[in-house]
Amino acid sequence: MHLPKLTLGQRFTHPLPAASADALLLAQLARQEKAAGRVTAIICADASDARRLQDEIAFFLPGLRCALFPDWETLPYDQFSPHQDLISERLATLWAIRQGEVDVVLLPASTALYRLAPPSFLAAYTFSFTQGQQLDEAKLKAQLSLAGYQHVSQVVSPGEYAVRGSLIDLFPMGSSSPYRVDLFDDEIDSIRTFDPDTQRSQHEVKTVRLLPGREFPMDEAARAQFRTRWRELLEGDPTKSRIYKDMGAGLATAGIEYYLPLFFDDTATVFDYLGAQATLVLHGDLQVPLQRFWHDTQERWRMVQGDPDHPALAPQALFLTAEQFYTLAKPYAQLALRPGADGTAAVAGSPAHPQALDGIAPLPPLTAERSHAEPLQRLQDHLRSSGRRTLILAESAGRSESLQDFLRASGITPTAFASLQAFQQGQAALGMAVGPLVRGFAWLEAGLDLVTETELFATSGGVRRRSKKQEQVSDVDMLIRDLSELKIGDPVVHSQHGIGRYLGLIHMDMGQTDPDGNPALQEFLHLEYADKAALYVPVSQLQQIGRYTGVTPESAPLHKLGGSQWEKAKRKAAEQVRDAAAELLNIYARRAARHGHAFRLHA
C-alpha cells in the first residue's frame, strides 16, 4: 500500500477509504511514523469513529500502542463533573503522550477544542514510590489529599485511598487496578494489586505511579489563585457564589472543571502535549462538528449568564475556536482524509475518487437471503470466483460459534484462527476469527477478503452497541441478528412468553394496502408453544427473540402460552440472585465486623 509522504507545515489531502480500510491505512501510517520516532494523532469528526479506529488499528497491527483521549461526556457549563473513570483515562493518556509511551492518539474533534492543564501540572503533581523505600504515612496521606484523592473506607474506584493500620489501599488515576501497600514501620515491605470487588490481594509489583486525582490542583496556593482570578475575570459579588465559598473551604464543587482557567496563569491545548514533531491525521470533515460545537457552546453560555451562584467564563477562555484549532495545527505534518462531495468514502477505481487508496476494493453484495433455499448463495459464489483467501470476522466468541453453525448449514466450513496475523501465516483459503471490524473490504495487496457480519446480515455499519431493547436479553452473544440464523424446528426464547419452537415465516394481511391498492402483507415469525398453541411475532420485533441454550434442541421444554410457568421461572431466577447477593453481603459484613489477631514479631 502506497503511503503519502508527509512534511512539516504541509497538508496532504486524501480521499477517505471505504469501509474499515481507513483503519488499515492509518495503522500502516502509524507504523511508518513510529519507526521515525513520531507519534500519530488522529482527530476524528465523529466520536464513534475514534473508538472504532482504536480497536481496528490494533486489529491490523497489535504492536502499536493506541490510546484514546476521551471527552468529558458533559455539556459545556454543566453543573456536574465528569465520571472519575473518564478523568482517569484522560490523565493516563496525557501522561503517556508526554512520556513517549504511546504511538497513536485518537480523539474527537470537539475534544481537541478543550483547554487543558499545562504539562507542568502533571509533572509537578505526579509521584511514585518503590518497594523498600522509606515512606512517611502522614506525609503520604497529605500528598494524596493535595493531589485530589478521596479518603474512603473501601477502595473501589480511581482516585480513592484507604488506610487500615499498616495497609494503605489506593487506586491511582490512569491505573487499571488498585494497589495495596504494606508498611513495616516506615518502610514499604510489599506492593500488590488487589481486586476491588473481592478486596483480595493479587500479584506483587515493585513500583507505583500516582497521577493527580483531578485535572487541576487543590493545594492552598492553587485555591488562592482560583479566588484571585475569579475576582479578576468574573463580575458580581464572589461571596454570593457557593463555588467561590467552597473553594475557600477546600471543596471542589460539582462542575468545577468549567472553571479550569482560574487555577492556572496559562492553560494548554492537546497540541502542547503532542510536541512539535507529531503527525496529525484529520479524519472526516472536521469543519462541521467544530462549528456545531462552537455554536452550541455559545448558546449554552448565553443561557447560563447572569446566575450569581454559577457565573460562567466566556467560551473563549475554555475552548479553542475552529480558527485557533487550524492555526495551531498548521505547523504539523498533516494527512486529511476527506469524504467525497456526496458524503461517501472513497472506493478504488471510482471516477469520483481517482486518487482513492490503491490495493483496496469494495466487496460485492454478500447479504444472506433468508427467503431463498440457499441463504448464503452469494457468499458461496464469491468464494468460488474471487481467487483470494477470505477471513470471516465475528464480533465475539459467542457470535463466532453461532456464525459457524449458520455457515456449516450451507456447507461452508471455515478454519478458526486466533487473529488476522495467524490467518495470514497459514495456508487455509477460508478462515474465521473474532475481530472488531465494522465493515469488510477486499485487501487486494494482501490477496484476501475481510468479511464481517455487516456484509452477511446487512446490519448497520456503525459502532456495535446494545440498544435498550437488546438489554432485555442477558447476553449479547445470544441475540438473533437475522432470520437466516434460524432453522425450522429451532427452540427460541421470547422475552415475554418463554420457550417456544420456530416453525418458519408466514405472511398475514393486517388490513393495510399498498399505494396501488393491493393488500400490504406483513411478515411474522410462527412460534409454536405447548399444546400446539401458536404465537405470531412481527419481524420488526426480532429483538424480543433470544437463542435457547439449555438441553438439546429436540428436548427443549415448551412453555404454555398464557400460562404462569415462564413468569415463575423468571421470578425464581430473580429470587436466587437476591439470595446470592444477600449471602455475599452477610459474608462481607461478618468479615468486616470480625477483629483480627495481631501477631508479634519475635526477634
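Excluded from the calculations below are hydrogen atoms, water molecules and symmetry mates; all remaining heavy atoms, backbone and side chain alike, are included. Predicted model, so just to flag it, every value in this text is computed and none were measured.
By the neighbour-count criterion of 12 heavy atoms within 6.0 Å, atom CE of M303 is sparsely surrounded, having that number or fewer from other residues, nucleotides or ligands.
Aromatic ring centres of Y114 and F69 lie farther apart than the 6.0 Å criterion allows. Here the two rings, on F524 and Y536, have centers that are 6.0 Å apart or farther.
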Taking it one step at a time, do R300 and D78 satisfy salt bridge (Lys or Arg N to Asp or Glu O under 4.0 Å)?
-> CA-CA 9 Å; R300 290 183 62 83; D78 269 347; 2.9 Å; yes
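Using the six-membered ring where Trp is involved, H151 and Y161 have ring planes that are perpendicular, over 60° apart on the 30 and 60° scheme. Using cut-offs of 30° and 60° on the angle between ring planes, the pair F441 and F60 is tilted.
In this structure, CD on Q425 lies 9.5 Å from CG on L420, to the nearest 0.5 angstrom. Note: L403 CG to M432 CE = 4.0 Å, rounded to the nearest 0.5 Å.
Both the sub-6.0 Å distance and the 45° axial angle are not jointly satisfied by R200 relative to the ring of F194.
Checking side-chain atoms of T111 against main-chain N and O of L107 turns up no donor-acceptor pair under 3.5 Å.
Put simply, the residue from D22, L64, L25 that forms a side chain to side chain contact (heavy atoms under 4.5 Å, CB included) with I57 is L64.
By the 4.5 Å heavy-atom criterion applied to side chains, R65 and V104 are not counted as neighbours. Side chains of P178 and D169 form no contact here, defined as non-hydrogen atoms less than 4.5 Å apart. With contacts defined as side-chain heavy-atom distances shorter than 4.5 Å, the pair R378/P364 does not qualify. Using a 4.5 Å cut-off on side-chain heavy atoms (C-beta onward), H497 and L535 make contact.
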